[in-house]
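What follows is a short report on a single structure.
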Amino acid sequence: MAFGNLNDESGTGVAFTRDPATGEKKLMGEFLMNAQGEDVVAGVRTPMPIAKMEEVMPEVFAQFQEVCKTLENHYRDMQDMEFTIENKHLFMLQTRNGKRTAKAALKIACDLVDEGMRTEEEAVLMIEPRNLDTLLHPQFDVVALKKATPVGRGLAASPGAACGRIVFSAEDAKAWKKRGEKVVLVRLETSPEDIEGMKSAQGILTVRGGMTSHAAVVARGMGTCCVSGCQDIAMDEENKRFVLAGKTYREGDWISIDGATGNIYDGVIPTVDAAIAGEFGRIMAWADKFRRLKVRTNADTPRDAKKARELGAEGIGLCRTEHMFFEADRIAAFREMICSDTLEERKIALAKILPYQQDDFEQLYEALEGTPVTIRFLDPPLHEFVPHTEDEIQLLAKAQNKPVSRIKEIIDSLHEFNPMMGHRGCRLTVTYPEIAAMQTIAVIRAAIKVQKRHPDWKVKPEIMIPLVGELKEFKFVKDIVVKVADCEIENAGIQLDYEVGTMIEIPRAAITADEIAKEAEFFCFGTNDLTQMTFGFSRDDAGKFLNAYYDQKIYENDPFAKLDQIGVGKLMDMAVKMGKAVRPTMHCGICGEHGGDPTSVAFCHKIGLDYVSCSPYRVPIARLAAAQAALSAK
Ligand code: PEP
Ligand code: MG
């Protein structure tokens with residue numbers, strides 16, 4: 001036993017060989033003269049910065065510096081050490097690799113390469129992909145956060161920290177933002193109509209919904225902080241106030257939410273903006289050298305697509321076209337389409353939507369600069385688009401020259417007991433082929449225009465059919481697409497390649513992948529639906545009971561966040577093998593939310609997928625995870 005409290009030539013301390021906050025190469029730590037370890041920990045006496053040791057005991061300090069060098073050289077990493085000095089005699093008590101911030105991790109890894117201690121491969125393996133989130137999103141001020149106690153907790157649905165005044169509707173979010181206010185949008189759940197309001201909010205908090213709920217998926221795409229499924233919130237019937245931890249919150253009250261932990265705090269916790277460190281680019285460039293998997297993005301606006309390109313996306317793996325229908329100027333035409341009674345009426349409404357879609361796609365191709373763009377045709381059940389208020393219904397009735405009662409009848413007829421397993425995805429095309437025909441015209445005309453504008457790019461649209469479960473069903477839709485596309489290309493007198501592929505998101509599609517591959521030119525795993533349908537529980541409602549499953553140790557993780565490799569993964573593995581056996585040239589990807597989860601990315605590497613696709617801000621995480629998977633497999 002060494003005694004640091006023997007006399008004034010003794011002491012104790014803790015130190016890091018490099019700054020764990022910034023990564024700077026300098027000793028960091030504290031020590032106390034004439035003291036034992038507990039005195040430092042208890043905080044009764046104020047320790048001195050480690051640099052002071054040089055003045056107090058220069059020889060011991062010199063020896064300590066030598067020991068630090070030896071330990072770093074041995075472990076080839078930043079060390080976190082404890083030591084005691086007894087009568088000017090240095091005793092090292094403990095050393096371990098030090099914990100560090102994401103910023104420090106990047107700097108230390110790069111410095112270790114520059115100092116010849118680590119290879120580039122090792123540097124890539126030293127970074128925890130998930131921690132990159134903290135570099136890409138605002139965070140709470142660390143000191144303020146330490147003093148705060150959470151008042152509730154939901155799912156950590158989209159990282160970052162947000163502090164703002166509570167609003168309860170998308171319209172209010174927009175209006176308050178216009179007035180220069182920062183807001184947090186609190187909703188029972190969000191729907192596609194809320195997108196504009198979600199864009200105006202610092203953060204989104206929902207009472208219902210899981211990791212693949214609308215709020216979670218859209219917020220991740222936008223890079224906005226989101227806590228979803230906080231069931232402790234008791235919302236009043238009019239959605240105008242709620243009770244959480246015994247306190248009633250009203251419009252305008254301040255609230256802070258942490259999308260990385262799911263924590264909710266009362267009042268204001270200041271946030272600090274994201275700052276990408278200089279070493280970020282170096283690590284990413286090394287990661288890109290070592291990975292085999294390509295990384296694409298899920299994006300349906302030019303803004304998100306551009307952001308994803310900046311963050312290294314090599315294409316779009318999923319453009320959810322339905323998100324494009326909700327902008328104010330086009331929802332009216334879309335509703336007219338839904339409430340059409342005849343094919344003629346529907347065609348008139350679709351013709352109004354066509355120029356918007358074509359313009360959207362042109363902008364996406366431009367943003368993607370000739371890299372692949374996968375466009376997924378209309379997927380959600382139509383009831384998601386219908387008007388809710390009396391005014392909107394009347395407006396629609398007037399536009400279509402129909403009685404209000406007829407519009408209401410149509411809306412009622414769209415009701416389904418289980419819409420996620422209902423009339424959606426390719427089933428919409430089987431009943432209304434003209435929707436797919438319009439989307440095909442928009443995709444192809446946009447591609448032709450952009451190809452002409454940029455002859456050096458290779459614009460090659462990938463048309464993706466959702467929710468396929470049967471070869472003949474896919475073939476039915478593909479025939480429509482091919483007929484329309486070929487006609488457009490012929491009329492334009494231009495050479496344009498395109499592919500028609502399918503999402504694999506229904507277990508039957510995975511099981512019959514060899515059949516489907518006879519027609520499908522690519523597969524993309526929609527693991528949100530594939531997880532939902534394989535487990536047989538709803539991606540929106542499972543949050544209600546999954547906690548009990550974690551408590552009972554039945555499941556370790558949320559299968560909507562981390563891929564269930566044993567079950568869903570088995571279906572994927574099988575489908576890739578069966579699909580590629582029939583069509584060796586086909587490419588296979590993943591575009592469910594798992595495409596940005598590091599362990600799921602590693603699994604995708606293992607089963608031989610060609611790419612993962614994830615929301616823009618998760619692209620760097622996927623790039624790093626893909627490199628780590630490739631390096632670990634070596
Ligand atoms: C999926 O099901 O994984 C998918 C990407 O489609 P969506 O989330 O739009 O249903
Ligand atoms: Mg899906």
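From a predicted model like this one, the values you see are computed outputs, not experimental measurements. One-based numbering along the sequence shown. For ligands, and for the atoms within them, numbers begin at 1 and follow the listed sequence.
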### Task
Please assess R618 against D597 for the test salt bridge (Lys or Arg N to Asp or Glu O under 4.0 Å), listing each intermediate value before the final yes or no.
CA-CA 8 Å; R618 292 170 99 187; D597 168 65; 5.2 Å; no
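Contacts of Y555 classified as ring pair (Phe, Tyr, Trp, His ring centres under 6.0 Å), with partners at least two apart in sequence or in another chain: F535, Y549. Taking the ring pair (Phe, Tyr, Trp, His ring centres under 6.0 Å) definition, one finds that F334 meets it with F325, F385, sequence neighbours left out.
N528 and F560 get closest at one heavy-atom pair: O-CE2, 3.6 Å. Nearest heavy atoms, R427 versus H423: O-NE2, 3.5 Å.
Neither side chain, Q357 nor T321, offers a donor N or O lying under 3.5 Å from an acceptor on the other. Checked by atom type, the side-chain pair D359/Q363 shows a donor-acceptor distance below 3.5 Å.
Protein-derived N/O/S atoms nearer than 2.8 Å to the Mg ion (ligand 2) total 2, waters excluded.
Ligand 1 is surrounded by L318, R320, R376, D379, R424, M503, E505, G526, T527, N528, D529, R539, C591, G592, each with at least one heavy atom closer than 4.0 Å.
Using a 30° and 60° split on the angle between ring planes, F522 and H587 fall in the parallel class, below 30°. Ring geometry, F525 versus F523: the interplanar angle exceeds 60°, so the pair is classed perpendicular (tilted spans 30 to 60°).
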